[in-house]
Each structure stands twice: as structure tokens, then as C-alpha cells.
Amino acid sequence: MIGSSKHFKAEQIVIEKEITQDEIIQYYLDHPELKPNIREDLWNEFCNDKIQPYVYVKEEKEIEDLIIKNCLRYGQDDLCAQISNDSYMEICEKCIGWQWRGDTRSNMKDYLYLIIRSKLYNGIELNCIEEYHKLEGYENERKSLRLISEYLKKQAIKLYDF
């Protein structure tokens with residue numbers, strides 16, 4: 001329980017299988033007695049909306065583009081320094097909006113996390129990744145990256161364990 005209320009939180013979540021929107025809809029069509037007790041208009045909206053599949057962004061340039069294009073000022077005249085489709089984080093650092101909330105700087109923790117995760121999956125040791133040291137003060141992210149690193153090491157050992 002959290003505080004005096006009856007809310008709970010998970011310390012860890014393990015995804016065993018990802019299911020699609022179509023699978024969810026089909027399940028409730030096959031089992032109408034189990035259909036969630038939600039308003040019909042919300043159910044219809046869920047059935048008609050097309051949920052985009054999760055895309056794992058792993059290349060450094062893709063990560064950089066994702067963070068840059070997430071800036072609230074991206075593409076706005078006189079507020080965004082990016083002038084072409086080839087966006088670069090160095091340009092954001094020189095932008096007038098760099099100090100404002102909602103810019104790429106406020107997303108820097110996420111950027112560093114994704115870059116570090118990408119490097120881990122490319123086989124680089126955590127202690128050799130310079131961005132990891134820039135995550136000082138973000139212990140949850142650092143812990144998560146350590147867990148990923150340990151997991152990948154175990155997987156590598158399994159591959160070579162005959």
C-alpha cells in the first residue's frame with residue numbers, strides 16, 4: 001500500500017508477451033462475458049483507433065532525431081535553430097530555447113539513457129561508456145542500465161556455455 005490509500009505499485013515489471021490491439025479485440029469478441037465494464041463509446045473508440053506498434057529505437061542517429069523532434073520548439077521559426085531535416089544535438093545546444101522548459105536539454109536524461117542502452121546492446125561495457133558518467137544524480141536510470149548490462153552479460157555467457 002502507498003500511504004494510507006489502497007494503491008499499489010510495482011517494483012519491477014516483466015513483460016512476458018506483447019499482445020496487439022487486434023488480439024485484445026478478438027479475445028473479447030470470443031468471450032463477451034469478460035468484456036471490461038467500460039462505456040460503449042470508449043470501447044468503440046478503442047476498436048476503431050489504430051494503435052501504432054512499439055518501435056525499438058536503437059541507432060544513435062535515430063535516438064538523436066527522436067529527442068530533437070520532441071522539442072516543443074522544433075521547426076518553429078525564430079525558436080528552433082535546426083534548419084534542415086538533418087538534425088544535430090550540437091545545434092540544439094546553441095539554440096535560444098536550450099534553457100527553456102520542454103526543449104532538448106530537458107530531455108537530456110532520456111537521450112543519455114537511450115544512447116547508453118544502445119551502446120550496451122552493441123557490446124560496449126558499461127564502465128567504458130562516457131555518457132554513463134553524465135547520468136550522475138539519476139540513480140533509477142543508472143540502476144536500470146546496470147541491470148541491462150548484467151542481463152546482456154548473462155545472455156552472452158549462455159551463448160558460449162557449452
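Only a predicted model underlies this, so the values are computations on that prediction, with no experimental measurement involved. Heads up: numbering here begins at 1 and tracks the sequence.
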Original post:
Rounded to the nearest 0.5 Å, how far does CD1 of I25 lie from SG of C47?
Top reply: 4.0 Å
Subject >> Heavy-atom closest contact (Q21 atom, K50 atom, distance) >> reply: OE1-CA, 3.7 Å
Original post:
Does a sphere of radius 6.0 Å around CD in E33 hold more than 12 heavy atoms from other residues, nucleotides or ligands, not counting ones at 6.0 Å or beyond?
Top reply: yes
Subject >> Heavy-atom pair with the smallest gap, counting every atom of I24 and F46 >> reply: CG2-CE2, 4.0 Å
Original post:
What's the spacing between Y113 OH and L135 CG if we round to 0.5 Å?
Top reply: 10.0 Å
Subject >> Backbone N/O of T20 and side chain of E23: donor-acceptor pair under 3.5 Å >> reply: yes
Original post:
Less than 4.5 Å apart, any side-chain heavy atom of L152 and any of I148?
Top reply: yes
Original post:
Thinking salt bridges, do K153 and E125 make one under a 4.0 Å N-O criterion?
Top reply: yes
Subject >> Pairwise distance CD1(I115) to CG(L120) - rounded to 0.5 angstrom >> reply: 11.5 Å
Original post:
Does L145 offer a backbone N or O that forms a donor-acceptor pair with the side chain of R117 under 3.5 Å?
Top reply: no
**OP:** Provide the closest heavy-atom pair for N127 versus H133 in the form atom of the first, atom of the second, distance.
**Re:** O-NE2, 3.7 Å
**OP:** Please report the C-alpha distance between D22 and Q26 in whole Å, then the side-chain angles of each, then the deciding distance to 0.1 Å, and finally whether the side chain to side chain donor-acceptor pair (under 3.5 Å) criterion is met.
**Re:** CA-CA 6 Å; D22 291 336; Q26 189 58 52; over 6 Å; no
Subject >> Separation between CD1 of I67 and CG of L112, rounded to the nearest 0.5 Å >> reply: 9.0 Å
**OP:** Answer yes or no: is there a side-chain heavy-atom contact under 4.5 Å between K143 and N140?
**Re:** no
Subject >> K58 backbone acceptor or donor facing S118 side chain under 3.5 Å >> reply: yes
**OP:** Can you measure from SG (C128) to NZ (K119) and round to the nearest 0.5 angstrom?
**Re:** 10.5 Å
**OP:** For residues R146 and L126, report the shortest heavy-atom separation together with the two atoms involved.
**Re:** CG-CD2, 3.7 Å
Original post:
When you measure from the side chain of E64 to the backbone N and O of E59, does any donor-acceptor pair fall under 3.5 Å?
Top reply: no
